[in-house]
Student: 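Sharing a structure below in structure tokens format, with a few things to ask.
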Amino acid sequence: MKKWIGLLLTVMMMGSLSACGSSAEAASEEAEKIDVDLSSLSSTMVYSEVYNMVSSPEDYKGKMVRMTGTFGVYEGEERNYFSCMIADATSCCSNGIEFVLSGDHTYPEDYPELGETITVTGTFDTYMEGEYEYCQLIDAVMTTE
């Protein structure tokens, strides 16, 4: 069960980052910071890349990742796990990445409705919980569409 939750939570990504200057300049600076932009890939490619991220997290650690998917949450006993979920091309399977927003946020007040489309941008990282390693985006920024 925990492995499944980890996979689901791993798909969450982060919203856009703000930068100083004009809109075009800000967009250009932001694009330069993104190492892995899943928001521009087809559903099949996104699903495959997220699978790679979960399978080989050491290849992605420290990279800035952006992804678009649906908002999901698992309300755990000790904390909540927020994720950006992405379905494959046939919508039979989904994969996700957990994200942790930067700053102080309260659930559900500061989060979208379950299933709402979100874009998340954050730094890819891993953490241990018990004997399992999980992937997440930290210092994340989330936008809704």
Student: Please work out which of the three classes, parallel, tilted or perpendicular, describes the rings of Y111 and F82, given edges at 30° and 60°.
Tutor: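 Parallel: the ring planes of F82 and Y111 meet at under 30°.
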
Student: Between OG1 of T70 and CE of M85, what distance do you get to the nearest 0.5 Å?
Tutor: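 Taking OG1 in T70 and CE in M85, the distance rounds to 6.5 Å.
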
Student: To check you understand the geometry: which heavy-atom pair defines the closest contact between L38 and M53, and what is its length?
Tutor: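 Heavy atoms of L38 and M53 come nearest at CD1-SD, 4.0 Å.
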
Student: Take T117 and T68 through the test side-chain contact (heavy atoms from CB on, under 4.5 Å) and record every step on the way to the result.
Tutor: CA-CA 7 Å; T117 300; T68 299; 3.9 Å; yes

Student: Quick check for you: to the nearest 0.5 Å, what is the distance between R66 atom CZ and D35 atom CG?
Tutor: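 So the CZ of R66 and the CG of D35 are separated by 11.0 Å.
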
Student: Ignoring hydrogens and geometry, is there a side-chain-to-backbone donor-acceptor pair from S42 to M45 under 3.5 Å?
Tutor: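 Yes; at least one donor-acceptor contact below 3.5 Å.
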
Student: Got Y107 and R79 here, is their nearest side-chain heavy-atom distance under 4.5 Å?
Tutor: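 Counting from C-beta outward, Y107 and R79 never come under 4.5 Å.
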
Student: Do you know the tightest heavy-atom contact between V54 and C135?
Tutor: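 So the two residues come closest at CA-SG, 4.0 Å.
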
Student: Without hydrogens or angle criteria, can the side chains of S39 and T119 be said to hold a donor-acceptor pair below 3.5 Å?
Tutor: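 No pair is found: no donor N or O on one side chain lies under 3.5 Å from an acceptor on the other.
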
Student: If you measure from OG on S48 to CD1 on I86, what distance do you get to the nearest 0.5 Å?
Tutor: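 Taking OG in S48 and CD1 in I86, the distance rounds to 11.0 Å.
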
Student: Between N80 and E75, what is the shortest heavy-atom contact and its length?
Tutor: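 Between these two residues, the closest heavy atoms are OD1-CA, 3.2 Å.
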
Student: Can you tell me how far the CG atom of D125 sits from the CD1 atom of I138, to the nearest 0.5 Å?
Tutor: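 Rounded to the nearest 0.5 Å, the CG-CD1 separation comes out at 4.0 Å.
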
Student: Taking C-beta and beyond as the side chain, do L137 and T123 meet within less than 4.5 Å on heavy atoms?
Tutor: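 Counting from C-beta outward, L137 and T123 never come under 4.5 Å.
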
Student: Kindly indicate whether the side chain of M142, heavy atoms from C-beta on, has any atom under 4.5 Å from the side chain of L101.
Tutor: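 The answer is yes, as the side chains (C-beta and beyond) meet within the 4.5 Å cut-off.
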
Student: Considering non-hydrogen atoms only, spot the tightest contact between M64 and K33 and give its length.
Tutor: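 Minimum heavy-atom contact is CB-O, 3.0 Å.
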
Student: Using only heavy-atom distances, determine whether the side chains of K61 and T126 contain a donor-acceptor pair under 3.5 Å.
Tutor: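 Per modelled atom types, K61 and T126 side chains form a pair under 3.5 Å.
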
Student: Give the minimum heavy-atom separation between P112 and I118, together with the two atoms involved.
Tutor: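 For P112 and I118, the tightest heavy-atom pair comes out as CG-CG2, 3.7 Å.
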
Student: ring-ring contact (aromatic ring centres under 6.0 Å, His included) with Y134: which of F124, F99, Y127?
Tutor: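 Answer after filtering F124, F99, Y127: Y127.
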
Student: Can you confirm whether more than 12 heavy atoms, excluding those of E78, are under 6.0 Å from its CD atom?
Tutor: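 No, not enclosed.
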
Student: Any chance you could lay out the side-chain contact (heavy atoms from CB on, under 4.5 Å) test for E129 and Y81, step after step, and finish with the verdict?
Tutor: CA-CA 12 Å; E129 196 167 283; Y81 301 85; 2.8 Å; yes

Student: Has E58 got more than 12 heavy atoms of other residues, nucleotides or ligands less than 6.0 Å from its CD?
Tutor: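 Yes, enclosed.
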
Student: Give a yes or no on whether Y60 and L41 share a hydrophobic cluster (residues Ile, Leu, Val, Met, Phe, Trp, Tyr; joining criterion: side-chain heavy atoms under 4.5 Å apart).
Tutor: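 Linked, Y60 and L41 end up in one cluster.
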
Student: On a heavy-atom basis, which atom in F71 and which in E113 lie closest, and how many Å separate them?
Tutor: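 That closest heavy-atom pairing would be CD2-O, 3.7 Å.
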
